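Heads up: the structure comes next, in structure tokens.
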Amino acid sequence: MASLVYFTKLSEKDSSVRYAFGEDPTEMVRSLTIDKGTRRSSPDDENTDYLFLKASRKINWVYGESGSWPERGMGAS
């Protein structure tokens, strides 16, 4: 079974970037924050589940490839 996660950037500050994410691009009700210095992320709802990990890893992967924080995207597995 395929697993999808969509994300979009909500805000960016000097030290952090915040994203909304979810399984449906029209209903991204959860959010996460990434510390730019460490590239560590935390779920804003404190629920460290598979969907959060998938979104966090994909965002960090895109950043690693491009050198900039993505505006939006999706991951599939």
Side-chain angles (χ1 to χ4, degrees):
M1 178 200 258
S3 173
L4 299 174
V5 64
Y6 297 87
F7 57 88
T8 189
K9 189 189 312 182
L10 297 174
S11 63
E12 185 170 359
K13 298 179 181 177
D14 289 340
S15 62
S16 65
V17 61
R18 190 164 174 255
Y19 286 89
F21 68 96
E23 295 176 299
D24 185 317
T26 63
E27 294 184 30
M28 293 185 277
V29 297
R30 295 182 63 198
S31 58
L32 63 85
T33 303
I34 300 174
D35 180 298
K36 288 179 167 182
T38 64
R39 290 177 54 183
R40 296 190 81 145
S41 59
S42 57
D44 293 348
D45 62 4
E46 299 182 8
N47 182 9
T48 307
D49 62 358
Y50 179 75
L51 193 63
F52 158 74
L53 293 172
K54 186 172 187 62
S56 174
R57 288 176 182 152
K58 182 64 177 191
I59 294 164
N60 267 299
W61 182 86
V62 172
Y63 175 78
E65 291 291 308
S66 69
S68 63
W69 296 102
E71 292 297 319
R72 65 180 116 346
M74 64 90 67
S77 62

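Position 1 is the first residue of the sequence, and the numbers go up from there. All values derive from a computational prediction rather than experimental measurement.
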So, does [X] use its side chain to make a donor-acceptor pair with the main chain of [Y] at under 3.5 Å?
| X | Y | value |
| --- | --- | --- |
| Arg39 | Asn60 | yes |
| Arg30 | Asn47 | yes |
| Tyr19 | Pro70 | yes |

In terms of hydrophobic clustering (I, L, V, M, F, W, Y; side-chain heavy atoms under 4.5 Å; direct or indirect links), are [X] and [Y] co-clustered?
| X | Y | value |
| --- | --- | --- |
| Leu51 | Ile59 | yes |
| Met28 | Val62 | no |
| Phe7 | Leu53 | yes |
| Val17 | Tyr6 | no |

Quiz item: If you measure from CD on Glu71 to CG on Leu10, what distance do you get to the nearest 0.5 Å?
Solution: 10.5 Å
Quiz prompt | Inter-residue atom distance Lys9.NZ - Arg18.CZ, 0.5 Å rounding | solution =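 That separation rounds to 13.5 Å.
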Any side-chain heavy atom of [X] sitting closer than 4.5 Å to one from [Y]?
| X | Y | result |
| --- | --- | --- |
| Lys36 | Trp69 | yes |
| Ser56 | Phe21 | no |
| Met74 | Pro25 | no |

Exercise. Heavy atoms only: give me the nearest Ser41-Leu32 pair and the separation to one decimal.
Key: CB-CD1, 4.3 Å
Exercise. Of all the heavy-atom pairs spanning Tyr50 and Ser3, show the shortest one and how long it is.
Key: CE2-OG, 3.4 Å
Practice problem: Indicate whether any N or O donor in one side chain lies under 3.5 Å from an N or O acceptor in the other, for Lys54 and Ser77. | Solution: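 Side-chain D/A pair, Lys54 to Ser77: present.
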